[in-house]
Each structure stands twice: as C-alpha cells, then as structure tokens.
Amino acid sequence: MATVIQPPTTSVSHFPSKLPLRSFSLFKTKPHICYVHCPPVASSIFRPLISSHLSLSEHEIHKPAFTLDSFHDCQDTIDADDLLHWLRLSIKYADVELIRAVHALFHKLQHSTRVGNCLISAYLKMGFLVDAYGVFTGLHRPDVVSYTALISSLAKENRESEAVELFFRMRRACIEPNDYSFVGIVTACIRVLDFELGLQVHALALKMGFLDSVFVANTLMALYSNCGSLDYVVQLFDEMGHRDIASWNTLLSSFVKESLYDKALQLFRNLPQDDKFKIDHFTLSTLLTACTESPAVMDGRGIHGYSIRIGLEGNLSLSNAIIRFYTRCGSLKDVVAVFERMAMRDVVTWTEMMTAYLEFGCVDLAVEIFEKMPEINHVSYNALLDGFCRNGEGLKALNLFIEMAQEGIELSDSAFTSVLNACGLLARLDISRQIHGFVVKFGFMLNAIIEAALIDAYMRCGRMKDADKMFSSWPTDRDSSIIQTSMLCGYARNGMPDEAISLFHRSQHEGNMVLDEVALSSILGVCGTLGFLEMGKQLHCRAIKTELVADLGVGNSIVSMYSKCYNIIDAIRFFNRMPTHDIISWNALIAGHLLHRQGDEALAVWSRLKKADLQPDAVTFMLILSSYKHTSSNLVNECQVLFHSMKKVHNTEPSSEHFAALVSVLGSWGLLEEAEQLILNMPFEPEASVWRALLDSCRLHLNTNVGKRTAKRILAMEPQDPSTYVLVSNLYSASGRWHCSDIVRDNMREKGIKKHPCRSWAIHQNRVHSFFVRDKSHPQTKDIYSGLEILILECLKAGYEPDTSFVLHEVEEHQKKDFLFCHSAKLAATYALLMTRPGEPVQIFKNILLCGDCHTFLKYVTVVTGRDISVRDASGFHFFANGHCSCKDYW
C-alpha cells in the first residue's frame, strides 16, 4: 500500500530576527558578513498535477495528495518551465501548499536562479516573507532580481534596517542595482525618514544613470517631500526628462503639505492636457485638500465639476474627498447630495458623512448615521467622540467613551483627548480623576498627548495646582512641547496672562516648546488680553518669518490682538490683506469695532459679511446686536428686526446671549419696561446673564423700581454672585437710597461674599506693572502715591468731587475717601503719567468695569495735566481728553 505524505502543520523560520545595522557610507566597503543558514524543511505536498503535469487540467489540482510512488515516476521529467507554470497557478489560486511543493522539488533538483526568483516572488505575493528569504539564502547565485524582491518587501513590512543591509550586501557582491532596487531602498528611507541615506542613494542613482527612470525619480521626490525638503522636490521635478502623473501628484502633494495651496492650484492649471496624460483621482483629491485648507470654495466646486466631466466622480476615495471638502467649505445640502449619489460607500464614506453632520451641529442626525453604519471602526468612534465635544455634548461623549471601553474598541490618543475634553466641558473633576487613574493603570502616563489633555482637563475644572504639579513632574529628558502649549493655553483661558507670558519666555529661552500655530494663537491672545502691543508686533513678525501667518487661526488672532491693543487701524489693515477669511475672522473685526464703541463701523462690516459666501454664526449675531448700542442714531427698530430674522433667514436659534444683547440695546435707549417685558416673554427660562443686562441698564438710568425686581430674580438664581450685589448697592447709592445700599452690603458680609479682585495695569519698557486697591507692592510705590496725592489735590481744586457711593466698606466718610483715592485705576494712571513723556500715549487697562468715580477722576486729570489718557475696561475703550470721555459717560 502506498504511503500518503501529509503536509506539515508548521513551518520553520530561517529568517534572521534582526540583520546588522549599517554603520558605513554607501560608497565604502565592509568585510563580508557570514550568515549561518539551515535549508528549509522540504514540503512533500505534491498534487496530482506534479505527478502527471502533462495530462491533467488546472481543475484537477485540488484532488487528494498523491503518493511517493508517483513522485518517483515523474521527478526525472520535470523541467524549469513546469515549475514556473505551477507557480503561476499557485498564485492564481492562492494555493500556498502548491508553492511549498514546488519549493521542495526546486530544492531537490537545484533549478535555475530564474525559477528561484519566481518562487521568491510567489511567497512574497502570498505574504510569506520568511519562506521567501529561505529560498533566497538557498540560491547559489542570487541576482539583482533576487535581492530587489526582498529589499522591496522588507521596506514595505516595516523592516527598513534589514532592507538597507540587504542592499549593501548586494553592492558588496558586485551586483549592480536596477531601477526597482533603487525604488526599494528609497522606500525604506521614506519609512524611517532617513534623509542622509536618501541623499547617498540619490547620488548613486545619478552616477549609475538611473535618474532617467521616472520611477526612481518619483520615489526620490516622495522621500524629499516626506522629509519636508520642498526645494529638493522642485529641483528634481524640474530636472526630470520624462514625467508621469505620479510626478505631478508628488509635487502637488508637496505644495499642499507645506500649505502652499495657491501654488498647488496653479500647478494643476499647468498640467499637460492630452490623451496620453491622464489625471487620476489622487490628483483631484490632493487639490480638494488644498481647497479645503485655503479655503478656495469656487476652485473646489470647479474641481468637483471637472471630476464629473472626466468620469471620475464614481471613484470612492475621490467622492470621500468631495464630501470632506463640502463639510469644510460648503453646506450640509452639498454634502448630502454627494452622499446620496454615491453608488459605493465604505466605512470612510459613512464616517465622513457623520463628521459632516457634527460639523454643522446636527448631532442627532450624526448619531443616526453612526447607528446605520454597516461597518464601524475605532476611527468612526473617535470621530463621533470628538464631534460630541465640539458641539458641547460632554455627557454624550462620556457615555460613548464608556461604551468604547466596554466593547473593547481601540483607545487611541484621540479618544483620551476627547473624553478629557468632555470632562473639562462638564467641569467634572471626579470623572477627570477617574480617567487619570485609567491612564495610569494602563501605562499611558508617558504619552505627551494624553498628559497634555489631562493638564487641560484639570485647568478647565479650576484645579490649577493639580495641573502645575503634573506639569512640573514631566521628565526633563522627554519632549515637552505639547505639554508646554497645553499649560500656555490653560493659563490664557483661566485669566492668568502673567503666568502665560512667563511660561512663554521661559520655554523660548530653554528651547523646549515648538511655536506652532496653536501656541502662537494662544500667546497672541494673551498679548491682546494684556494690551501688550510691542510683544504682539514681535509675534506678528515671527509668524511672517515662520510662514505661520498663512494659518487662518493665527491670522484671526493677529486681528484680535491689534484691536485689543488700541490699534484698530492695523487690525483692519491686516484683515484686508488676509488671503482668506472664515466667520471667526469677521467676528474678530466686528468685535474690534465694538471694543472701540464704533457701532456704525461694525454694522458696515456686517453689510460686507452678508455679501461674502459665509454663513454668520451665533457669535456674529451677538456682536451685531451689541453694536446697535454704539450707533450714532437710534436704530432700535432695525436691531429688533435683525433679532427676529435670525431664525427665519439665517436658521440660527436665539440663545440667552442674544436676548441679553437685545435687552442691553433696549436698556441703552432707556426702554427698560420694554426690555423687562421681552425677558418675561422669552420662549425659554432666561439665564441670569439676561437679567443682569437689564440690571446694568437700570444702574445707568437710575431706575430703582425695575432694578429692585430684577435684582431679586438674579439673587434667586445665583445667590453667591458678588457682581449682582455690587450692582444693586451701586444702584441704590447712586439714587440716594443709602439705607438700602447698607442692607445689601450687610447681606454680602453675612454670607461671606467678596468682590472679585479689581486689577489695573500699565505696560512700560515691555513689562506689565499691575496694581490692586491700596497696592503698595510696586518698587516705586513711594513715588506713585506722592504723585497721586498731588493729582488728587489738583483735581479737587478743578472741581472734582469724590463719589463715595462706590465704596462698599462700613467706615467713616474720610476713610471712604482714602479708600476711594487708592483705587487700582488711579494708581495705574498715576504710574503711567510718571513714566511717560509729554506727547507719549498714556494707556492703562482694567479687568472689570471702570467705576464712576475713577471715570470722573480721569476726566479731571486730563484737564489739570493736559495729557490724554486711554483706558480699556470690560466694556471697551475710554478715550479721555480735555475733561471729556469718548463713551459720553455711558458704559
């Protein structure tokens, strides 16, 4: 009875786990390295095709295994062509057993290198790299094809060092590389971004004349592109004698990577237009990315139309890119239209559609898409998680993260960043600590991205000490750039500009923070908060030098910075020079005019915005509504028309902030009863901010009747808010009802409620000089108080009468005056007057509203000193000159 030989259950690996790393130049030699080799176990899986290869059809390959007797009958008649034929069949039918059978026969019969190369290729196509290497080491005379096949596969399998070493072995064996060899070795350089070795390979290819190969040149261009060397890419492209679409695509993608979107679009216009040169989906997808980031809306729509004309709209990846473009630069209607026309959809398509709904604020529709997705991966989960956070749905984000953990979904940096952002949105310190524990338990603490997200979450929850502790404990020998940026943004967000400035200067001196677009935008925002114009100008120059000025977020921050630093002219000039704008750009310019109380100019910008191809957002309407307070004529009716058109015309639902803005406008014109009635008729429960806007108007118009009713509502909603007590007390004092004012102060004292610390500052010699009430911490305190005493005496002579109604201390009248004379704004103004020469601007800043007494005092100061004074407080800018203020005593 014949013995049937069964296939082995396992294969033996003979591939070295780690080949020697290179430590020498490409053009130098190195002593030969010996490798111990054990030939592979010969497989005995011979199909009937092997025993009777001349008579059986391909269909008979899958019959039961044949016997050793049949093998002995046929082995002497098998030649190289038969083996090549069987290898082609094995690849066609993905039959690895047949490949191993041919391998065993090849090993026994010692056929040619040509057959060995085909066997290597068959193993590689089936994904058996170890077996392919076994064939390679068994060849007596491997040639360039043998080496190249393995070099290319090793490079693609993330074993770049072995690919490089094998290339050197080929060179030592005096085997000349071909163009595919160069493509393989450059691919390895791309994987590890080895620029220096790439230059050596480039030189060798030039020396051997292989740069004429379009494949080699394209791969070298890809290397330089990935290494950020755009000049090398352009130079190599210009020197190419022949180009294909891949050459143009590589240059296009290089321009896009470097944010040179206009150059990318111009290059597309220069593409050859003939039948031999076919633009592919990669070309158009890259261009759509350029249009998305620009954003060049009309160009993007044109590319979409072009894809339809040349028949590429049906390409799946291109359709996904079109959805992505319309998500950023179009409308939801455009996205839905593309999605519904797609004949094929993959997980990327569904994820892009879900992201589009989230981008346009349609959270429920996004969840519906997520639940309909036929396939869901961790990218889809992360997109939904991030979308929840961007739409303020912190609780939904937390629940989704719990579901991901329970379902065993891969938790990436993005997932942890999003869930920690959700904790910050909800100000849930307890959950932040639980996530922190989760991070520690699973060993993610040395991940800089997650560490930065944890710091950000703690800072959003008001736990500055915890954030500082984590920041200080980060290892000094590890990259801390992203953590530095997180701390910087946290300081800026939490009203700690001095700490932000200090951290920025220290990190720049130590060189451990990369000033990217996020960090630059944040520190520009700090300069705007402080009014630090000189530093803001330096950062503007830095942005130009590093080409970050092209970033839209950085540009918007520059507009905002200039407008907050008394420089609305430069803000307008920079805005007009920006190549593109988004709605945040327009909002920044409108807010700048509003800070300068230029209502008419803000409305003029609004008219320009309506002509642009942009949809205003909720912030835009809040700013425009507030602008009506500062118009030269009464435009209350026009303001009300805009308010009621928000939902009908612009599909924006009015929020509490919009109602507060309208109430403030009505109050500014003395329409207090109408404002109160508007609040009472709101379609939802008004927040305290709406009533506070009415209370502030009552203070300005000394209406204690409406003010008393309003104060009761606010105190019922926020009993611990000190600003409400202060407003009410000032209202009573200003109207002469001292007894009522005393009662309010007693209530504050009994409940332990204190005013927010009032701070004023001036900037001199690139330093911020801050002052609090009765502050004596400044090195020049003696001179400041001496100067202030002289100013007060001169102002009293000129008619200034201190208004002690703004003092909330239960002390004697003369003590109230002493306290009033030491307000922070008076100290800052005195210091600025002492430190500036006549003709130089006197500019001070205040973190809350300027009190009425300080406002009056500064008007008299301009009379007795002949100097103009500018103040920026929480309401905007005050320009004092000749005893008058630009706000006309209304702020």
Side-chain angles (χ1 to χ4, degrees), residues 382 385-386 388-390 392-395 397-402 404-405 409-527 529-530 553:
N382 287 338
L385 192 63
D386 177 65
F388 280 151
C389 293
R390 284 188 286 108
E393 298 284 356
L395 187 59
L398 284 175
N399 291 333
L400 181 63
F401 180 81
I402 293 171
M404 292 172 65
I409 305 298
E410 178 185 345
L411 298 177
S412 63
D413 299 345
S414 175
F416 280 106
T417 301
S418 295
V419 73
L420 288 167
N421 188 19
C423 295
L425 289 173
L426 299 171
R428 292 292 301 271
L429 179 63
D430 54 339
I431 300 179
S432 299
R433 285 175 170 168
Q434 291 181 41
I435 300 296
H436 191 171
F438 188 88
V439 169
V440 173
K441 181 179 179 180
F442 287 89
F444 293 145
M445 279 306 296
L446 291 181
N447 185 307
I449 296 175
I450 297 176
E451 184 85 359
L454 274 168
I455 290 174
D456 184 71
Y458 280 128
M459 297 184 87
R460 288 178 183 272
C461 294
R463 300 293 298 182
M464 302 304 298
K465 290 184 178 179
D466 290 339
D468 285 332
K469 183 178 179 181
M470 290 183 63
F471 177 68
S472 301
S473 62
W474 182 256
T476 56
D477 59 339
R478 298 182 69 89
D479 182 22
S480 62
S481 180
I482 188 173
I483 297 176
Q484 299 261 8
T485 302
S486 182
M487 285 296 295
L488 180 66
C489 295
Y491 283 140
R493 190 189 308 112
N494 284 274
M496 303 172 69
D498 295 331
E499 290 81 355
I501 291 287
S502 176
L503 174 61
F504 175 75
H505 285 309
R506 186 170 69 251
S507 64
Q508 292 301 293
H509 176 72
E510 295 173 354
N512 54 12
M513 183 177 75
V514 177
L515 191 62
D516 59 9
E517 59 272 15
V518 176
L520 185 56
S521 297
S522 183
I523 195 63
L524 280 166
V526 171
C527 291
T529 299
L530 291 173

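Keep in mind that the numbers below use all heavy atoms, side chains included, and drop hydrogens, waters and symmetry copies.
Between Glu499 and Met464 there is no side-chain heavy-atom pair separated by less than 4.5 Å. The shortest side-chain heavy-atom distance between Ile483 and Ile455 falls under the 4.5 Å cut-off. Side chains of Phe416 and Asn447 form no contact here, defined as non-hydrogen atoms less than 4.5 Å apart. You'll find the side chain of Leu488 reaches within 4.5 Å of the side chain of Met513, heavy atoms only. Between Phe504 and Leu515 the shortest side-chain heavy-atom distance falls below 4.5 Å. Here the side chains of Glu393 and Leu425 are not in contact, with every heavy-atom distance at 4.5 Å or above. Looking at Leu503 and Phe471, their side chains come closer than 4.5 Å, going by heavy atoms from C-beta outward. The shortest distance between side-chain heavy atoms of Arg433 and Tyr458 falls below 4.5 Å.
With rounding to the nearest 0.5 angstrom, the OG atom of Ser480 is 8.5 Å from the CD atom of Glu510. To the nearest 0.5 Å, the span separating CZ on Phe438 from CD1 on Ile450 amounts to 10.0 Å. Annotation: the span from Met404 atom CE to Ser418 atom OG amounts to 8.5 Å, rounded to 0.5 Å. Note: Leu454 CG to Met470 CE = 4.5 Å, rounded to the nearest 0.5 Å. Distance check, rounded to the nearest 0.5 Å: CE of Met459 to NZ of Lys465 gives 14.0 Å. The CD1 atom of Ile409 sits 12.0 Å away from the CG atom of Leu385 when rounded to the nearest 0.5 Å.
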Verdict with supporting geometry, Asn421 and Arg460, side-chain contact (heavy atoms from CB on, under 4.5 Å): CA-CA 9 Å; Asn421 188 19; Arg460 288 178 183 272; 3.9 Å; yes
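For the pair Asp516 (side chain) and Val518 (backbone), a donor-acceptor distance under 3.5 Å is present. Here the side chain of Ser502 pairs no donor or acceptor atom with the backbone of Asp498 at under 3.5 angstrom. Using modelled atom types, one side-chain atom of Ser432 and one backbone atom of Arg428 make a donor-acceptor pair closer than 3.5 Å.
The minimum heavy-atom distance linking Asn382 with Ser414 is given by the pair CB-OG, 4.0 Å. In terms of heavy atoms, Ile501 sits closest to Leu530 at CG1-CD1, 3.7 Å. The two residues Leu426 and Gly394 make their nearest non-hydrogen contact at CD1-C, 3.7 Å. Summarising the geometry of Ala397 relative to Cys389, their closest heavy-atom pair is CB-SG, 3.9 Å, with the distance given to 0.1 Å. When all heavy atoms of Ala452 and Ser486 are compared, the closest pair comes out as O-OG, 2.8 Å. The minimum heavy-atom distance linking Val514 with Thr485 is given by the pair O-OG1, 4.4 Å.
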